[in-house]
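What follows is a set of notes on a single structure, which appears directly below.
Naming convention: chains lettered A, B, ... in sequence-line order (proteins, then strands); numbering from 1 in each chain. Keep in mind that this is a model prediction, so the values were computed, not measured.
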There are 2 protein chains.
Amino acid sequence: MEQIGPEHLARRLRDIGQRVTPQRLAILGALRPGEHLSADEVFAAVESSLPGVNRSTVYRTLEMLRDLSLVSETDLGGGARQYERIEGRHHHLICQGCGRQQELEDALVAPLRSTIFERYGFAAGIEHLAIFGLCGECAR
Amino acid sequence: MEQIGPEHLARRLRDIGQRVTPQRLAILGALRPGEHLSADEVFAAVESSLPGVNRSTVYRTLEMLRDLSLVSETDLGGGARQYERIEGRHHHLICQGCGRQQELEDALVAPLRSTIFERYGFAAGIEHLAIFGLCGECAR
DNA sequence: ATCGCAGATGCAACTTTTTGCAGGTGCGGT
DNA sequence: ACCGCACCTGCAAAAAGTTGCATCTGCGAT
Ligand SMILES: [Zn+2]
Ligand SMILES: [Zn+2]
Ligand SMILES: [Zn+2]
Ligand SMILES: [Zn+2]
C-alpha cells in the first residue's frame, strides 16, 4: 500500500500548479483510497489536526480536488455526497431494494469510455460511478 | 409527441399503486421529456397552478417519481439537481473545459447495462447519466 | 354514501452545500 | 530576505435539500 507523507501531497499539488496550504494538506491527507467520507467527516478529521478550518474551505478544496481528478465526488444515495481519493478507478452497484452495495471493476466500464471517445471525440472521466438498480435477489 | 392529460397521469400513478393527489398531478404535469428542471423550477411551476404547495412535498414527490423510474434526477454540475420525465433513455456528455453539453444516445450505454447484468445479475437502471470529461477541442 | 386508516401533506427546524466579500498568505520575482 | 499580488481562507448569509411530527385525505371496505 502506498505510503503518502505531507511532502508527497505537497509535490502533487505543486505539480499541477496549485498552491500548497496547511488546509489542503490536511484535507488531502484525510482522504484515503477505498474509503468513502462525507464532507462533514473530512471536516471533522481535519478539525482535529488543524483547529479553526472552515467548512467552506473543506467544500471548496474537495471541489478543486474533484476537478483535478484527485478525488471522486459521488452521491451514493445516503443523504450526503461521498468523497474518496482516486487511486485506480472503481465503481459501485447499489441495490434500491435491499441497499446492498457491490464494487464494480472499471474493466466493465472502460469499453463505454472508449466508445464515447471513438464516437464523439469526448474524453470521459467516469472515475467513480454509482449505478443504481436491483440485485438478483431483489429483482423478482 | 405524446399528449398527456391529467387522466393519463392519474392512471399512471394508480397503476403503480400510488395515490393520486392534486400535488402529484401538478408536479408530474410540470415535467416534460427533453426538459431539465430544478426542484425549485418545478416548485414555481406547481405553485402557480396550485397555490400553497410546500417545497418538501415537491422534493418528496420527485424522490418518489425517481424511485419509480418515472423521472430522472441528475447532477449536471449546475448547482442544483435536474429533474426530467423519462420517455426513452438518454444521457449527457458535459465538457469541464468549455461547459458545452452533448446528448448521448442510450445505444452506447446499453452494452454496459447488459454486461453488468451478465456478470453480476444486477439490473442496472442507468436512466440518465451525466458524464463529465473534455470535448475534442478542450482536450488539447 | 359513509367510515377508517395508511399514507400524503404542511409546517418548522435542521442539515448540507454554495456564494460574496474582506482580510490573510504562498510563492515568483527582485 | 523582501515585496506584491493573485489566489486562499474565514466568516456570515443564502440556497438547496432533509426530517419529525401533527393534521388531513384518497380510497378500499362496509
Ligand atoms: Zn468507491
Ligand atoms: Zn437487493
Ligand atoms: Zn436529459
Ligand atoms: Zn470543451
Side-chain angles (χ1 to χ4, degrees), chain A residues 6-7 9-30 36-47 49-68 70-83, chain B residues 6-7 9-30 36-47 49-68 70-83:
Chain A
E7 341 70 35
L9 297 177
R11 185 154 19 90
R12 203 149 171 180
L13 283 173
R14 257 189 283 264
D15 284 351
I16 53 185
Q18 291 293 323
R19 288 193 186 168
V20 177
T21 69
Q23 291 87 341
R24 292 177 173 191
L25 291 180
I27 291 167
L28 201 38
H36 297 152
L37 293 180
S38 70
D40 199 59
E41 288 167 333
V42 172
F43 173 70
V46 168
E47 251 266 308
S49 72
L50 193 72
V53 227
N54 195 272
R55 277 192 156 73
S56 49
T57 299
V58 173
Y59 279 109
R60 280 190 283 232
T61 302
L62 289 173
E63 182 184 18
M64 172 204 73
L65 294 171
R66 184 248 286 149
D67 288 344
L68 295 168
L70 289 181
V71 161
S72 65
E73 175 191 70
T74 316
D75 183 354
L76 293 173
R81 279 174 270 182
Q82 300 291 303
Y83 297 86
Chain B
E7 341 69 35
L9 297 178
R11 186 154 18 89
R12 202 148 171 180
L13 283 172
R14 258 189 282 265
D15 284 352
I16 53 185
Q18 291 294 323
R19 289 194 186 169
V20 178
T21 69
Q23 291 87 342
R24 292 178 172 189
L25 291 179
I27 291 167
L28 201 39
H36 298 153
L37 292 180
S38 69
D40 199 60
E41 288 166 333
V42 172
F43 173 70
V46 169
E47 251 267 308
S49 72
L50 194 71
V53 226
N54 195 272
R55 267 173 219 283
S56 49
T57 299
V58 173
Y59 279 111
R60 280 190 282 229
T61 302
L62 289 173
E63 181 185 19
M64 172 204 72
L65 295 171
R66 183 248 289 148
D67 289 344
L68 294 168
L70 290 181
V71 162
S72 66
E73 175 191 71
T74 317
D75 182 354
L76 293 173
R81 279 173 271 181
Q82 301 289 304
Y83 297 87

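A donor-acceptor contact under 3.5 angstrom links the side-chain atoms of R60(B) to the base of dG10(C). The base of dC11(D) is paired with the side chain of S56(A) by a donor and an acceptor separated by under 3.5 Å.
Taking only side-chain nitrogens and oxygens, R81(B) comes nearer than 4.0 Å to OP1 or OP2 of dT18(D). Put simply, T21(B) has no side-chain N or O that comes within less than 4.0 Å of OP1 or OP2 on dG26(D). Applying the 4.0 Å criterion to OP1 and OP2 of dG10(C), one finds that Q23(B) has a side-chain N or O inside that range. Between R24(A) and dC8(D) there is a side-chain N or O to OP1 or OP2 distance below 4.0 Å. Of the side-chain N and O atoms in Q18(B), one or more sit less than 4.0 angstrom from OP1 or OP2 of dA8(C).
Side-chain contact, S56(B) with N54(B): a donor N or O sits under 3.5 Å from an acceptor N or O.
Here dG26(C) presents its C1' atom at 17 Å from CG of L9(A), a figure rounded to the nearest Å. Summarising the geometry, the separation between CZ on R11(A) and P on dG26(C) is reported as 20 Å, rounded to the nearest angstrom. Atom-to-atom, CE of M64(B) to P of dG26(D) comes out at 15 Å; the value is rounded to the nearest Å. Between R55(B) atom CZ and dA14(D) atom C1' the separation is 12 Å, expressed in whole Å. At whole-Å resolution of the value, CG in L13(B) and P in dG7(C) are 16 Å apart. Note: CG (L62(A)) to P (dT16(C)) measures 14 Å, nearest angstrom. If you measure from atom CG of L28(B) to atom C1' of dA8(C), you get 16 Å, rounded to the nearest angstrom. Rounded to a whole Å, the CG atom of L68(A) is 10 Å from the P atom of dC8(D).
For the pair Q82(B) (side chain) and A80(B) (backbone), a donor-acceptor distance under 3.5 Å is present. With T61(A) contributing its side chain and T57(A) its backbone, the two residues share a donor-acceptor pair below 3.5 Å. Formation of a donor-acceptor pair under 3.5 Å by the R24(A) side chain with backbone atoms of R19(A) is found in this model.
Using a 4.0 Å heavy-atom criterion, one finds that E63(A) contacts no nucleic acid atom at all.
The 5' end of DNA chain D is approached more closely, in terms of each residue's nearest nucleotide, by N54(A) than by the other of N54(A) and R14(B). Both P22(B) and A80(B) lie close to DNA chain D; mapped to their nearest nucleotides by heavy-atom distance, the more 5′-ward contact belongs to A80(B).
When the nucleotides dT9(D), dC27(C), dG10(C) are ranked by their closest atom to the side chain of V53(B), dG10(C) comes out on top. When each of dT9(C), dG26(D), dG26(C) is scored by its nearest atom to the side-chain atoms of R19(A), the top-ranked nucleotide is dG26(C). Of the listed nucleotides (dC8(D), dT9(C), dT18(D)), dT18(D) has the atom at the smallest distance from the side chain of Y59(B).
The distance from atom CG of L68(B) to atom CD1 of I16(B), rounded to the nearest 0.5 Å, is 4.0 Å.
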Quick one: do Q23(A) and V46(A) satisfy side chain to side chain contact (heavy atoms under 4.5 Å, CB included)? Show the steps, please. CA-CA 8 Å; Q23(A) 291 87 341; V46(A) 168; over 6 Å; no

